[in-house]
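Each remark here refers to the structure printed beneath this line.
For the numbers below, each heavy atom of this structure counts, side chains included, while hydrogens, waters and symmetry mates do not. Heads up: numbering here begins at 1 and tracks the sequence.
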Amino acid sequence: MAMSENEQLQTCDLQSGLWKAKRSRSTVRHPKEAAAEETSQSVFAVFLREAGVTLKQGGASNEIATITEESQVIQEFIAGLETHMEDPERFRNCLLPCYCAKSVHIQASHSSISMIFFLPFYFSKCHLVLFPHSTGDGGLSIPRIIINQLKWLDRIVDSKELAAKLMELVSVAPVDVQRDIITSLPEILEDSQHNDVAGELNSLLQENTQLTVPILDALSSLSLSASLLTEVRGAVMSTLAAVKLEDLPVMVKFIFHSVSASDAYEVRSRKLELEQCVLPPVLQASQSRMKSKGAAVSQDSVALVLDAIKSAVRFQKTISEAWLKVIDLLVLFILHSTNANQSRRGAERVLKLKVRTGLIQEALLQKTFRDYSQVMRGYFSSILALAQCLLRSPDPCVVPFGGHMYRHSFTVFDSYCQQEVVGSLVTHVCSGVGGEVDMALELLCGLVTEKPSEMAVYAVFVKGILDYMDNLTPQQIRRLFHLLSRLAFGRQQQGSHIQDDMHIVIRKQLSSTVPKYKRIGIIGAVMVIAKETQTESLPSETFRQVTGLLELVKSSSESSPEAAALYYDELANLILSSTLDPPVQEQIAQSVLSDFQNDFVVDVGSLPFPARVMYNLEEDESQACIAINLLPLLATDIQSKAEQQSQSKKADKRVSALCLSPFFRLLRLCEEKQHQGDLEEIDGLLGCPLILTDMDVVEKIESLSKTEREFLCSLLFHAINWFREVINAFCKQTEIEMKIKVLTRLQNITYLHTLLEKALAATPGFVPPIANFDGESVEGVSLSTIAPVNKAKKGRKRKAPGKNSSESISQLEEVTEADETQQDQPEKEKEKDVRQGVSLGSYRQFFRELDVEVLSVLQCGLLSRTLLDSELQTKEREEVVLGPAELVFLLEDMLRKLEFSLTAGPAKRAPFLKGRSDKSVGFSHLQQRSSKDIASCCVQLLPALCSHLENSHNYFQTLLSENNGVVDGPATDAQEHQLMSSVYQLLLQVLNASFSWSGFRQPAQRSLLKKALGVLAGRLKEGGAELTQEQLVKHSFEYLLNLRSTMPNLSTALCLSQLLSDCEIIGWLFFEASLAKHFLSQNWVTANGEKERGNKFNEALHTLLSVYLEHVDDVLKAVEEIAEEGISELLKVSKDESSASWPTLSRQTVLVFYKVMMAELEKAVRKIPAGKINDSSEAQSEKLLTWNLAVRDFHILVNLVKVFDSRPVLNVCLKYGRLFLESFLKLGMPLLDFSFKRHKEDVQSLLKTCQLSTRQLHYMCGHSKIHQDTSLTNHVPALKKSLELFVYRVKAMLLLNNCQEAFWMGNLKNRNLQGEEILSQRSQGSEDDDDDEEEEEEEQEEHSLPQEQLEDEVHRQN
């Protein structure tokens, strides 16, 4: 009840009177009786007496009167209060804060009602009086003021009744009053009522979504049990799709703040989807009707949702980890935007994984940028950082996604972001890393195509790349100038300011005498010409500029044949890929045709000796009226080059044989463009002869001088390159006669290859003429890149490496192992290898590139034509077929193309500051095609490849049937058998390279993969179009598996195994270990009847044996089988024979078997789970059994060094012996610690076997020191350390199990590999082996005296 102003004044007067009375009593003293009487009548006593407090005299305590709720006083008080509050004005005054009487500006802390609430016996009656009056009044919210009176009370008499009254009021009150009451509940109720009220609020939440925000605010402040909190959280998540968008941030915040560590992942993965958090599909339809203002509100709500998630991720580690397990795109940006480095790395790692597996695709990224551009703008720095990370990744599967992030950022965001995107892409280009540069240039070109006007503004940034062209490859320089040309000469005028800069750079590069810079100038000029002439009607001024630039490039390259050849190649690429202005193209074509006839074609007449017209394909010799003037041209070129080197004056224009093939390519493409692919005007060049020399001179090349031999080699290179360009030109012609000539030219190439190999073998150090002019080889080729001639080498001394030169030691070990293997080869085979000459594989960059269209020749079957005489009578019938040599030639080229274009897996980043080898030389035309185009070409050729594969299978099957199951029959042609084996192997390698393409794992290429599998499955079963992909994989696997019976050699068998493993990668698991064992159990012989051997055989055997042991069910039993059964059989046979159960195991291959078995055994023990103290007895027994098998295998392998004591075997044993011991100490000894008491005998047996192995390892260490073999002693220190750790670890195990008295040390004698004592180093100490009895049997080694080469031995004998 509020007091009136007079009452307040009276109260103040009463208080002042009491103060005066206190002062008077303190100054004047009275007797005790008078004082007591006076005190009882004082204002103080009267006031307390009226309040119910009775003051007692003497030792009695004061009394307080008790008032019950039924007291008449309370009833009257409540009645008076109700009467007083009937007046709205007085009721309002009771709710407002009180003021001091003398200072109305000083507000008291409580209102009249709140003061009454402090009295417990009035509270329960008073609050019931207030609620009926809860109505609004003059702009004041009376209910809110009433609710405020109930907050933060010291004590509530009946909290349950108050809660019930409040919830009852919530059920009938207006929405505004409901919100006020619900939000105030945590400040009113006691903790005991929280769970009950939360249950009612949970029910209310599901009934009325308008109260979502206040209910969640209240629940966040209530103290709830775990079960109730889970129930409430589930109810909240179930209503996500039905709430308003502006309420979502509060709901998301509640869900994340209420989640526990154990529920975080479950909540995130099963119930809370990001699509629902951001913009549910139900709301999308309603939000689409919103105006621009509503759309802004929608974007703000989404931003608030993401802020709530960001706050949870930043301050709750469990939430961050749950999001990293099940990630969505927007939340990934949130994770990356936090300051924690772990979150950044985790976001990058998870994004790469999701992109690689196809869970996050470009469509989702595009939708996110399109729908939430305003929200995404706030995370631009994280988007840019993630895009940079993906673009720099060596995994080709994730690099395109980084490019999409760059592209969408440029398209959607503002100019500042666009500038940052362009700057980042320019940085990628300037980095010089191959894949990174390619992708960045492709993105810049794409942005110029999509957004030319926006990109033109940033042309000055792109122009800065011109300063970093030294790090770019020719293909990248082409793209750069293509990009700059589009910016400078496009329709947008913003980029025209860089035209002058480009012309200055091009002219400067063209005038340079350095071939590298001249090459850049030629490429840039051609790309500028391409852009300027890509218009329908070329203005006269532009036409004059183009022709002037053409003349400038031509005149700048006349003095250098390499530059001229590059100019012809670049111009040919321009004509092939672009549509030029007709007058410009016609002028180029006329000039090229006339120049080619004048420079390279001559009439056949009298020729000076020893020139000779060769390789004429015309039917009538009289028709061969022209020939390619190759030999005279080459002789003149060499002479003029020598004169130019001897004279200092500037060289004039000269015709070089280097320009023959590039010039013809340019001529051919000009004719194709002008005549829509018809080459009738120049088809005579396909069959016309070449002016060469008699090739019989190759047989007596040893008698020629060095200059003559080099001249002959150059002549052969030019002839082969001419034929390669001829095949490029005419391979797409459909006439039978033209096809026959193309096949004949292929035969000419394969024959010239054999001659060239012999010539190169007799011409060591020869550097061939350049054939690909856009690579680094223009500056000259180092002699180290040329394959040296194989010569018989005698023994040579080796310089011992330094102590710290681990790299030199490892290299020495590899050489040592190779030497040991080569010693097993007969001298006859070495001499044969010398006579064969060199391999042309290392000379690949000196041959002209074959176009992808040439591979269509693989589809040619048997071609025949009828030759007529002069009377038109049938003279003879000519048949031409693609032979094994031609097949090998085409398949080798196809395999190289596939390995270059189709990436099988993540590429390895080149080490820092390591010399970069240009592997793209010879693939200039291929680089202009995408990987998808190459894969599609392979799928088109699959039927032809399968036909050749079946023909090879049938050939060897027939050979086996005719020779009663052997390949070395009397009728076997060794050379044909070798060629067919190469064809068989190359076909499998081509299929393997095709199906291992990483693009097949991307969802966009699934249809192409299904088409390829359909081709293989269709060879076995028709109707492949109706089959599922799993069925296609199964039938393809069965089709390839049928080839296993006709493998000609182990290398081909390995190729088949790898191809089948690709089928396993794409979804089919079957037969891997059994197939490998089938090949390992086969006796491989050559066509000559000799056993297959050599380095290639050993490498294939190593890989195949590794595959078998990796996929076998029990690797420990497999190793034991080979080591016991196979080696035992090998020891019983003669030197040249092999094991009966493992025919590939011989004395020549025992090193391969030993190394693989040791490596796989060490891998297997690393996979054994470590022992734990809480493991059951059965689990401990199972692990002990596994370790017993492993230790027994290790003991068998270590003891094999007593029989096979060669240095490579010892090297392998020392290396993997240490690794095995380290794994045993880390994983096995903890198991023994906990298993010793339960399985004492098993532990004792295991350690006893292990001790025998460690003792043998100790003998090997002594052996390596005695022989002072550096390759072996390199392993000794680390191995001895492991042996010592082993002894001390066993001692610790015994101490842990209270058996320390069973551990005893003695001196271990030094012995050799066979166990014989080394007398010169016999220990003078105790040799008594009779020790005291101990509790358990145990024996261990201790290496504690290395300086005396004595070792301690630990005995525990019964």
Side-chain angles (χ1 to χ4, degrees), residues 469 473-475 477-482 485 502-503 505-533 545-578 580 584-585 587-600 633 637 641 650-671 673 718 721 725 728 769-779 848-849 921 924-925 928:
M469 287 190 295
T473 64
Q475 179 64 20
I477 292 174
R478 289 191 193 95
R479 283 198 170 188
L480 174 60
F481 277 105
H482 170 73
S485 300
M502 289 187 63
H503 280 291
V505 170
I506 290 173
R507 291 177 180 273
K508 179 181 178 180
Q509 305 285 19
L510 286 174
S511 61
S512 175
T513 57
V514 180
K516 179 178 182 179
Y517 298 126
K518 187 179 288 289
R519 180 174 70 245
I520 294 176
I522 293 173
I523 294 174
V526 172
M527 298 310 297
V528 168
I529 292 171
K531 180 57 185 174
E532 286 191 300
T533 57
Q545 292 179 358
V546 169
T547 54
L549 190 56
L550 283 172
E551 289 296 328
L552 175 64
V553 178
K554 185 177 180 181
S555 61
S556 300
S557 58
E558 282 181 346
S559 59
S560 172
E562 292 84 359
L566 174 64
Y567 169 57
Y568 299 145
D569 274 339
E570 292 299 315
L571 208 54
N573 292 335
L574 171 62
I575 294 174
L576 177 64
S577 60
S578 305
L580 302 182
V584 176
Q585 185 168 331
Q587 181 178 353
I588 294 174
Q590 291 177 355
S591 173
V592 168
L593 183 59
S594 61
D595 289 346
F596 187 83
Q597 291 176 348
N598 295 333
D599 295 342
F600 302 105
L633 195 62
D637 184 24
K641 187 176 181 180
K650 184 178 179 180
D652 298 328
K653 175 186 176 181
R654 74 174 194 263
V655 179
S656 172
L658 284 176
C659 302
L660 172 61
S661 297
F663 214 150
F664 173 69
R665 177 177 174 80
L666 176 59
L667 172 63
R668 182 257 298 186
L669 291 173
C670 289
E671 291 294 323
K673 281 288 185 178
H718 285 299
N721 284 328
E725 279 299 339
N728 280 339
I770 298 167
N772 299 282
F773 303 93
D774 57 352
E776 299 297 331
S777 58
V778 173
E779 285 81 7
R848 294 288 292 179
E849 180 182 1
V921 175
S924 299
H925 308 153
Q928 300 177 20

Going by heavy atoms in the side chains, are [X] and [Y] under 4.5 Å from each other?
X	Y	answer
Asn728	Arg668	yes
Ile523	Pro474	yes
Arg519	Phe773	no
Ile506	Ile520	no
Leu660	Phe596	yes
Gln475	Gln928	yes
Phe481	Met502	yes
Ser924	Asn772	no

Next on the checklist: Testing Val655, Asp595, Leu658 one by one against Phe663 for a side-chain contact (heavy atoms from CB on, under 4.5 Å), which residue passes?
Outcome noted: Asp595

Between [atom1] on residue [X] and [atom2] on residue [Y], distance to nearest 0.5 Å:
X	Y	atom1	atom2	answer
Gln545	Leu552	CD	CG	12.5 Å
Thr473	Arg478	OG1	CZ	8.5 Å
Met527	Asn573	CE	CG	9.5 Å
His718	Ser656	NE2	OG	6.5 Å
Lys531	Ile529	NZ	CD1	14.5 Å
Gln509	Ile477	CD	CD1	8.5 Å

Would you say the side-chain atoms of [X] pair up with the backbone N or O of [Y], donor to acceptor, closer than 3.5 Å?
X	Y	value
Lys518	Ser556	yes
Glu562	Ile770	no
Ser594	Ser591	yes

Checklist entry - Does Gln590 have any side chain to side chain donor-acceptor pair (under 3.5 Å) partners at least two apart in sequence or in another chain, and if so, which? => result Glu586

Can you see which heavy atom on [X] is nearest to which on [Y], and at what distance?
X	Y	result
Val553	Ala525	CG2-CB, 3.5 Å
Cys659	Tyr568	CB-CE1, 3.9 Å
Ala589	Cys670	CB-CB, 4.0 Å
Ala563	Ile522	O-CD1, 3.5 Å

Item to check | Which residues share a side chain to side chain contact (heavy atoms under 4.5 Å, CB included) with Leu669, sequence neighbours left out | outcome: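 Scan of Leu669 (side chain to side chain contact (heavy atoms under 4.5 Å, CB included), adjacent residues dropped) gives Ala572, Ile575, Leu576, Arg665, Glu672.
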
Next on the checklist: Among residues at least two apart in sequence or on other chains, which ones pass salt bridge (charged side-chain N to carboxylate O under 4.0 Å, His left out) with Glu725?
Outcome noted: Arg848

